[in-house]
Amino acid sequence: MAAVSVFPSSRELGPALARIVTEAAAEAAHGEGGRFSLGLSGGSLVELLARELPPALSAAPAAADPARWLVAFCDERLVPPEHPESTCGAYRAQLLPRLPPPGPRVLSVTPGLGPAAAARDYGEQLRGAFPGQEVPVFDLLVLGVGPDGHTCSLFPGHPLLQEQDEIVAALKDSPKPPAARVTLTLPVLNAARSVLVVAAGASKAPVLKRILEGKEEPPLPAALVRPRSGRLRWLLDEAAAAELSIPTEKHSGV
Ligand SMILES: O=C(O)[C@H](O)[C@@H](O)[C@H](O)[C@H](O)COP(=O)(O)O
């Protein structure tokens, strides 16, 4: 059973999310290799992390220093990095310049490649960054969830939900534009040591009830995020949690 934390609004959820990231970073710094591997999703998470991670870092122990971080993106839209829809572009514009120099090592999808080549290239980058790991084991993945129950760029009913061999896959038919994307696959999501799924706003309330309380078959993509041995936590605001009847941890956020 995943832990579901509910905050009054993003104003309280954001700092809690940032604190979890910096605490995980400090913990990983003391672990093997002293590196913190972090996978980030796009969408509303970009602005939330850009606002909350810098202040959280200034209050965090030195061990949380982003210079020890490897940052990768859980999915990416196949657009030029300067395109407003580029997840990497958005983080490079909004978050990375606000981190203490020299900042993290960032893996990103090589621009200008077609979907299949981009997925192959990004997969090779990941394999290189996680030597000896058939499936990269991230310390922490931060995921979002769409109103349709997608996460990363894994969409309901899409064949990629069955992908068990590739760590990165491409799609050209994303129902959420842009259509061409690459995404981490479920084996990577479920190998992570810790996974956070963040959702805010009333538009997510119906799908969160389906994901967290429904027993529908086939399960929605976000319901397939079941880390084998890692920790799974949901961070929601009250609006997104409004239809839940399962027990949740209420946080006032102070
Ligand atoms: O690049 C993307 O589109 C994201 O990785 C995607 O999976 C996102 O997390 C969800 O669509 C939720 O997006 P919002 O948080 O903006 O609703």
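Every number for a ligand or one of its atoms is a count from 1 in the order of the listing. Just so you know, these numbers come straight off a predicted model, no measurement behind them.
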Next on the checklist: Tell me which one of K209, K215, R210 satisfies side chain to side chain donor-acceptor pair (under 3.5 Å) with E213.
Outcome noted: K209
Checklist entry - Which pair of heavy atoms, one from C152 and one from T183, lies closest together, and at what distance? => result CB-OG1, 3.2 Å
Checklist entry - Looking at CG of D65 and CG of L57, how far apart are the two atoms once the value is rounded to the nearest 0.5 Å? => result 8.0 Å
Checklist entry - Could you give all pairs that pass the ring pair (Phe, Tyr, Trp, His ring centres under 6.0 Å) test and reach residues 13-55, with sequence neighbours left out? => result F36-W69
Checklist entry - Where the side chain of R98 meets the backbone of A50, is there a donor-acceptor pair that is under 3.5 Å apart? => result yes
Next on the checklist: Atom CD of residue position E27 - does it have more than 12 heavy atoms of other residues, nucleotides or ligands inside 6.0 Å?
Outcome noted: no
Next on the checklist: Given a heavy-atom cut-off of 4.0 Å, could you list the residues near ligand 1 in chain and number order?
Outcome noted: S41, G42, G43, S44, D75, R77, T87, G144, V145, H150, T151, C152, K176, R181, K204
